[in-house]
**Q** 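Below are the structure tokens for one structure; questions will follow.
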Amino acid sequence: MRLPLFTTISLLAFGTGLAFADADPRTLRTYKAKCAACHGDDGKGATEQGKKMGMGDLSTAAWQKEFTDDKIKAAINDGFKRDKNGKHQEMESFKDKLRPEQIDAMVAYVRSLAK
Ligand code: HEC
């Protein structure tokens, strides 16, 4: 059964004991509009774009440990173009597209993707 995203997120938040204050509908909408095409709703990157770019899984414990809030924020603010494991990866800069508080909400959202 496919649960609505909201339910899934509440369940995730409940499951990990997170106080999930930032999953308001606007944050979800922003993530879906700007990020999910590549990263997927769940951050696992199992999208067409994600496969092309050798996308990692943002929800694993290892990823969540490696990426500090500062690193996550820098990636969203500045974007990048690079080659990793023989694949070209590209993410645009969102500095001029999202307000600072929206960027902070995206950082919190990425954190909330933890399994
Ligand atoms: C055009 C596709 C695309 C879009 C849209 C996109 N990303 Fe990414 N993002 C990538 C790729 C590719 C990577 C590298 C993944 C890897 O190496 O495993 C990445 C990596 C990241 C990282 C980790 C930084 C790093 O150096 O690996 C974060 C955090 C992130 N994205 C958050 C976001 C957020 C939040 C949004 C929406 C505001 C977003 N991304 C939109 C393609 C995208």
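Along the sequence shown, residues carry numbers from 1. Read the numbers this way: they start at 1 and go in the same order the structure lists the ligands and their atoms. What you see is a predicted model, and the numbers here were worked out from it, not measured in a lab. All values below were derived from every heavy atom in this structure, side-chain atoms included, with hydrogens, water molecules and symmetry-related copies excluded.
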**Q** Please check if atom CD in Glu48 has more than 12 non-hydrogen atoms from other residues, nucleotides or ligands closer than 6.0 Å.
**A** no
**Q** For Tyr31, what residues pass the ring-ring contact (aromatic ring centres under 6.0 Å, His included) criterion, not counting sequence neighbours?
**A**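 With sequence neighbours excluded, Tyr31 shows a ring-ring contact (aromatic ring centres under 6.0 Å, His included) to Tyr109, given in chain and number order.
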**Q** Short N or O contacts of ligand 1 with protein, under 3.5 Å, listed by atom name?
**A**
unit_1, atom_1, unit_2, atom_2, d
ligand 1, 7 (N), His39, NE2, 2.8
ligand 1, 9 (N), His39, NE2, 2.8
ligand 1, 17 (O), Arg82, NH2, 3.1
ligand 1, 17 (O), Lys84, NZ, 2.6
ligand 1, 17 (O), Gln89, OE1, 3.3
ligand 1, 17 (O), Gln89, NE2, 2.9
ligand 1, 18 (O), Gly56, N, 2.6
ligand 1, 26 (O), Arg82, NH1, 2.9
ligand 1, 27 (O), Arg82, NH2, 2.9
ligand 1, 31 (N), His39, NE2, 2.8
ligand 1, 40 (N), His39, NE2, 2.8

**Q** Taking only residues two or more places apart in sequence, or in another chain, which ones meet Gln102 in a side-chain hydrogen bond (donor to acceptor under 3.5 Å, both in side chains)?
**A** none
**Q** Between Asp24 and Arg26, is the closest basic N to carboxylate O distance under 4.0 Å?
**A** yes
**Q** Given side chain to side chain contact (heavy atoms under 4.5 Å, CB included), test Glu92 with Lys97 step by step and report yes or no.
**A** CA-CA 10 Å; Glu92 69 199 287; Lys97 300 188 173 118; 2.8 Å; yes
**Q** Applying side chain to side chain contact (heavy atoms under 4.5 Å, CB included), can you list everything that pairs with Lys84, at least two apart in sequence or on another chain?
**A** Arg82, Gln89
